[in-house]
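Following: one structure in structure tokens, then a few remarks.
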Amino acid sequence: MSQPSIAQSPRFDAADANARAARLRVMVFDVDGVFTDGGLRYGPAGEVIKTFDSLDGHGVKLLAEAGIVTAIISGRKSDIVARRAADLGIAHVYQGVHDKRAAFADLCAQACATADVCGHIGDDWPDLPVLTRVGFAACPANAHAEVKTRCHWIANSRGGEGAVRELCDFILRAQGRYDALLAEALA
């Protein structure tokens, strides 16, 4: 079964996606299939090895520079994710979460935010309880079809291969911050 493209997503409306991204104050990320390609590689001692895209990481840092609170809500628990979150300055990290809805409610309380000013990027069914509650729902190009049909925005890139950076750039442009941040980088 082929997955729908962004143009086939019943909820996709470019102007609406832009307006929703413009309101964001909090952006929540899943990890496996979003920050990573979703593959789980096991090392010789049984440890899980994950690969992160450095461009994605810089995009997350740019969101923080723009004043957007960043967070991770992940069903898996990993020291690697904790370290990556620390490297990126992500203060709100929820790992080993079986009820992402409860973690999201706690995050909203911690960040003093309502769901309508929050965004979430996820790729599979465990993300649906949050994706269907936020003001801006996003996913990578290779997300599950059921997720795609419920998102306001779908990346052209796959998870772990630039989807996060593409999303961050979209948000920064929607909020009118992209050009100023680029100008700072060029100064």
Which distance, rounded to the nearest 0.5 Å, do you find between the CG of D123 and the CG of D127?
-> 5.5 Å
Are the side chain of K50 and the backbone N or O of R41 linked by a donor-acceptor pair below 3.5 Å?
-> no
Find the distance between NZ (K100) and CZ (R133) and round it off to the nearest 0.5 Å.
-> 13.5 Å
Once the angle between the rings of F136 and H152 is folded into 0 to 90°, is it parallel (under 30°), tilted (30 to 60°) or perpendicular (over 60°)?
-> parallel
For the atom pair CZ (R177) and CG (L172), what is the distance rounded to the nearest 0.5 Å?
-> 7.5 Å
Would I80 and V31 show up in the same hydrophobic cluster when neighbours are defined by side-chain heavy atoms closer than 4.5 Å?
-> yes
side-chain hydrogen bond (donor to acceptor under 3.5 Å, both in side chains) pairs, two or more places apart, involving residues 83-97 = Y94-D106
Is it true that a side-chain atom of E166 and a backbone atom of N156 form a donor plus acceptor pair closer than 3.5 Å?
-> yes
Hydrophobic clusters join Ile, Leu, Val, Met, Phe, Trp and Tyr when side-chain heavy atoms are under 4.5 Å apart, directly or via other members; which others share one with V48?
-> L40, Y42
What distance do D32 atom CG and D30 atom CG have between them, rounded to the nearest 0.5 Å?
-> 6.5 Å
Answer whether the closest heavy-atom distance between the side chains of L62 and Y178 falls below 4.5 Å.
-> no
If you measure from the Lys or Arg side-chain nitrogens to the Asp or Glu carboxylate oxygens, is any gap between K61 and E65 under 4.0 Å?
-> no
Measure from the side-chain N and O atoms of D56 to the backbone N and O of R165, and report whether any donor-acceptor pair falls under 3.5 Å.
-> yes
